[in-house]
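Residue numbers run from 1 in the order of the sequence given.
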Amino acid sequence: TQLLVFTGTVGKTTNRDTLTYGLRQLGISVRNNTLGYSNELGILLTILDVSHFSPWNPFAWRHLFFRTVPHGGFAAIELGADFYRDIPWFLGRFTPTAVFISGSATMSWSRDIKPVYAERAALLSAVPPHGEVFYNADDPGTVSLIQQSAIRAAVIPISLAGTDEHSAVLTHWSKNLYERGTFFGDEVVGFSYAGTTATLHFPRSLFEPQIYGILFTFAFILRHFPDEFAHLIAALPAYPFARDRLQFIKFSYGPVLIQ
């Protein structure tokens, strides 16, 4: 099983779910956490491919403890939110095949930012030389983290404004909502990576985090399954993204954000 780890302050779930959708459209097995446990328990449930679980059911725990890791395919794991300490736990038991880092806050909002950066740096350094690190090259905090980490794996920048030939970059975005004030009509998005370009027509408006999710997926599929790329381009516009999602964020200085 190859472990795909999604980390960062924001954007983890969008990137994870978009890549999971893309791989599954190609007929590739991907295990993804659909139970909502964004912690050590969620890591185990994902890797062990457990789709039904209740912490109050003793039989569920027995089933979990005696389950073996399935062979083959991918497991998409979300970890390393600013307020969790699950990265050291994960690294003590598993090795990531690839890490996708969407953005890193540069100021403390839940706990001291220094250990958060140290944990993410350890995660990036743990990817083996044959693995990959995909990162948001538009985010200063992430760029700083990449520069300060002892990364042995291939490094792939993702950017909405970059021109580097080694980056996966956005080449066109119609921005229906921002420039025309409408959710309706085709949203046209163009991408380029390693000499390959594509233009997609989505039947609804897209937001920045969703564009990044598409770019991460675009780059990963091109690197690993280039012969299936045309299939991905045909399938992605049907992906609805997360239309119904409620998120609570408790800030260390008091407020609660309901998103």
Side-chain angles (χ1 to χ4, degrees), residues 1-25 27-102 109-112 115-128 131 213 216 220 240-252 256-259:
T1 298
Q2 299 185 59
L3 305 183
L4 309 179
V5 175
F6 298 80
T7 191
T9 302
V10 295
K12 299 179 293 298
T13 304
T14 299
N15 293 333
R16 181 199 69 187
D17 289 350
T18 307
L19 180 55
T20 295
Y21 174 85
L23 289 170
R24 286 177 175 170
Q25 293 304 301
I28 298 164
S29 173
V30 188
R31 301 191 289 282
N32 193 2
N33 178 11
T34 59
L35 299 176
Y37 297 98
S38 297
N39 50 25
E40 295 87 342
L41 178 57
I43 295 170
L44 283 179
L45 294 174
T46 304
I47 293 175
L48 295 175
D49 197 20
V50 176
S51 57
H52 297 87
F53 182 83
S54 170
W56 295 278
N57 184 343
F59 293 103
W61 285 104
R62 183 182 185 280
H63 175 72
L64 182 64
F65 290 147
F66 284 94
R67 192 171 179 85
T68 57
V69 177
H71 293 290
F74 295 95
I77 300 165
E78 180 180 328
L79 57 82
D82 291 358
F83 45 86
Y84 287 136
R85 294 177 172 84
D86 48 5
I87 288 179
W89 184 91
F90 173 86
L91 293 178
R93 294 159 179 82
F94 306 104
T95 299
T97 303
V99 171
F100 303 77
I101 180 162
S102 50
W109 63 274
S110 59
R111 63 185 177 111
D112 186 17
V116 173
Y117 263 61
E119 290 168 7
R120 288 183 184 151
L123 178 64
L124 298 176
S125 301
V127 182
F216 277 110
F220 185 83
F241 294 95
R243 291 176 296 183
D244 305 298
R245 183 181 176 204
L246 184 63
Q247 182 166 279
F248 294 85
I249 301 173
K250 176 69 169 69
F251 291 89
S252 59
V256 175
L257 173 65
I258 303 176
Q259 197 174 46

Using ring-ring contact (aromatic ring centres under 6.0 Å, His included) as the criterion, list what pairs up with Phe65, not counting sequence neighbours.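 In terms of ring-ring contact (aromatic ring centres under 6.0 Å, His included), with neighbours along the sequence ignored, Phe65 is linked to Trp61.
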Quick one: ring-ring contact (aromatic ring centres under 6.0 Å, His included) partners of Tyr117, sequence neighbours excluded?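 Checked Tyr117 against ring-ring contact (aromatic ring centres under 6.0 Å, His included); zero matches.
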Please report the closest heavy-atom contact between [X] and [Y], naming both atoms and the distance.
X	Y	result
Thr46	Ala76	CG2-O, 3.4 Å
Leu79	Lys12	O-CD, 3.7 Å
Arg120	Thr9	NH2-N, 3.4 Å

Do other residues, nucleotides or ligands put more than 12 heavy atoms under 6.0 Å from the CZ atom of Arg62?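 For Arg62, atom CZ is not crowded (no more than 12 foreign heavy atoms under 6.0 Å).
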Taking side chain to side chain contact (heavy atoms under 4.5 Å, CB included) as the test, write out the residues that go with Ala122, two or more places apart.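 With neighbours one apart ignored, the set is Leu91.
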Using side chain to side chain contact (heavy atoms under 4.5 Å, CB included) as the criterion, list what pairs up with Pro128, not counting sequence neighbours.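 With sequence neighbours excluded, Pro128 shows a side chain to side chain contact (heavy atoms under 4.5 Å, CB included) to Thr95, His130, given in chain and number order.
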So [Y] and [X], do their side chains get closer than 4.5 Å, heavy atoms only?
X	Y	result
Asn15	Leu19	no
Ile43	Trp89	yes
Phe53	Leu41	yes
Leu23	Leu4	yes
Thr97	Phe74	no

Qualifying residues under side chain to side chain donor-acceptor pair (under 3.5 Å), relative to Thr1, sequence neighbours excluded: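 Applying side chain to side chain donor-acceptor pair (under 3.5 Å) to Thr1 gives Arg31.
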How would you list, by chain and number, every residue that makes a side chain to side chain donor-acceptor pair (under 3.5 Å) with Arg67, sequence neighbours excluded?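 Arg67 satisfies side chain to side chain donor-acceptor pair (under 3.5 Å) with His63 once adjacent residues are dropped.
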Would you give the length of the straight line joining atom [atom1] of [X] to atom [atom2] of [Y], rounded to the nearest 0.5 angstrom?
X	Y	atom1	atom2	value
Leu64	Leu44	CG	CG	6.0 Å
Thr7	Ile77	OG1	CD1	11.5 Å
Phe6	Asn33	CZ	CG	12.5 Å

